[in-house]
Number of protein chains: 2
Amino acid sequence: MDDLHATAAQRLGAADLRYTTSRRRVVTVLADAERPLTIPEILAADPGLAQSSTYRNLAELIGARVVHRIVSGEEFSHYELAEDLTAHHHHLVCTRCGRVEDFTPSERLEADLHHSLAQVADAAGFEVELHRLDLVGTCAGCR
Amino acid sequence: MDDLHATAAQRLGAADLRYTTSRRRVVTVLADAERPLTIPEILAADPGLAQSSTYRNLAELIGARVVHRIVSGEEFSHYELAEDLTAHHHHLVCTRCGRVEDFTPSERLEADLHHSLAQVADAAGFEVELHRLDLVGTCAGCR
DNA sequence: GTGGAAACGAGAATCGTTCCTGTTTACTCT
DNA sequence: AGAGTAAACAGGAACGATTCTCGTTTCCAC
């Protein structure tokens with residue numbers, strides 16, 4: 001997890017940005033959570049953080065590919081560490097409470113996906129950056 | 001396509017809503033487009049539509065499961081007919097221009113997906129409503 | 001140390017979307 | 001047909017998550 005901060009610092013540095021204390025704190029909050037968090041959740045997890053700075057820092061962390069933003073559609077966006085800092089995974093989005101959880105599909109499905117999607121993209125002349133696979137429904141707590 | 005309007009009318013009726021002229025016009029615009037449209041695009045396609053009414057009607061059409069909303073994250077949301085009124089498909093989202101295109105994966109991938117996702121959902125106690133699979137990247141026109 | 005650029009943070013501004021409200025439309029029941 | 005009633009309409013005001021502004025503070029290089 002020391003590793004994580006080293007990587008974050010390096011990626012920010014590559015974009016001529018500093019890995020300041022408040023940016024490190026945002027990254028720490030996201031690393032400690034085991035699911036994507038909203039801005040209010042991030043601020044609640046570390047009350048020392050200022051809202052405006054956190055929005056700005058998240059934007060810069062996203063630009064440096066340290067953080068990823070998930071726009072679920074309802075209310076707040078969710079933020080999590082970039083996939084290559086954790087593990088490739090997808091999301092279970094609850095339409096009742098808005099909560100977002102992570103899940104990892106089987107290796108086999110993931111490999112098939114990659115293969116099939118590459119074909120589709122080629123055919124459309126589309127250059128794939130990433131793929132998103134979300135399950136939308138009702139979580140265990142809301143059923 | 002007459003069929004489409006009949007289904008729309010029926011679904012609205014089930015929710016005690018009327019299939020009025022302006023709602024029919026919104027549905028017609030979406031049916032004529034071969035990709036998800038934004039509000040400005042819908043209004044441009046039929047200048048007789050009022051913005052506020054269109055937002056409200058889209059919300060009601062969504063509630064009646066006639067229309068589906070895609071929140072891409074940047075600027076406007078995109079709207080399209082519900083999948084069971086067209087065909088099951090997914091999206092190519094361009095990060096440069098914000099355009100959203102449809103694509104249909106192979107039957108086989110789709111079947112595998114269904115199977116694997118059902119397992120994941122069961123394990124998490126999650127009740128799946130639908131799955132979303134998006135390819136995010138750069139479209140042919142922006143490369 | 002000192003200069004200058006980057007980052008901070010409180011509040012203002014932005015803008016897609018939703019809400020309010022008076023008017024119009026369209027079914028239903030005589 | 002005509003009145004009564006509820007839904008739908010449409011213009012504009014309001015909302016709220018996010019972004020911007022700008023004066024202050026921090027940090028790094030020389």
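For clarity, every value in this text was computed on a predicted model and none was experimentally measured. Here is the naming used below: chain letters follow the sequence lines, and residue numbers restart at 1 for every chain.
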**Request:** Round to the nearest Å and state the distance from A:Leu58 atom CG to C:dG9 atom P.
**Result:** 13 Å
**Shortest non-hydrogen contact between B:Phe103 and A:Leu117, atoms and distance** = CZ-CD2, 4.0 Å
**Complete:** In B/S/- notation (B base, S sugar-phosphate only, - none; protein heavy atoms under 4.0 Å), nucleotides 14-24 of chain C written 5' to 3' is --SBBB-----
**Prompt:** Any side-chain heavy atom of B:Pro105 sitting closer than 4.5 Å to one from A:Ser116?
**Reply:** no
**Message:** Within the 4.5 Å heavy-atom criterion, are B:Asp102 and B:His91 side-chain neighbours or not?
**Reply:** yes
**Item:** Donor on one side chain, acceptor on other, A:His115 and A:Glu110, under 3.5 Å
**Value:** no
May I have the list of side-chain donor-acceptor pairs in residues 9-17 of chain A shorter than 3.5 Å, sequence neighbours left out?
residue : atom : partner : partner atom : Å
A:Arg11 : NH1  : A:Arg65 : O            : 2.9
A:Arg11 : NH1  : A:Asp84 : OD1          : 3.3
A:Arg11 : NH1  : A:Asp84 : OD2          : 3.3
A:Arg11 : NH2  : A:Asp84 : OD2          : 3.0

**Check: B:Tyr19 and B:Val27 side chains under 4.5 Å, non-hydrogen atoms** = yes
**Prompt:** Between B:Asn57 and D:dA8, is there a side-chain N or O to OP1/OP2 distance below 4.0 Å?
**Reply:** no
**Request:** Please test B:Val136 against A:Val128 for side-chain contact (heavy atoms from CB on, under 4.5 Å), starting from the C-alpha separation and ending with a verdict.
**Result:** CA-CA 6 Å; B:Val136 181; A:Val128 180; over 6 Å; no
**Message:** Mind checking if A:Asp16 touches a base, just sugar-phosphate, or nothing, with heavy atoms under 4.0 Å?
**Reply:** nothing
Atom pairs, protein N/O to nucleotides 24-30 of chain D N/O, distance under 3.5 Å:
none

**Request:** Please name the pair of heavy atoms, one in A:Val66 and one in A:Leu85, separated by the smallest distance, quoted to 0.1 Å.
**Result:** O-CD1, 3.5 Å
**Message:** Could you tell me how far apart B:Arg24 (CZ) and D:dA8 (P) are, to the nearest whole angstrom?
**Reply:** 15 Å
**Item:** B:Leu61 CG - D:dA8 P separation (whole Å)
**Value:** 11 Å
**Asked** Rounded to whole angstrom units, what separation is found between the NE2 atom of A:His78 and the C1' atom of D:dT18?
**Response** 15 Å
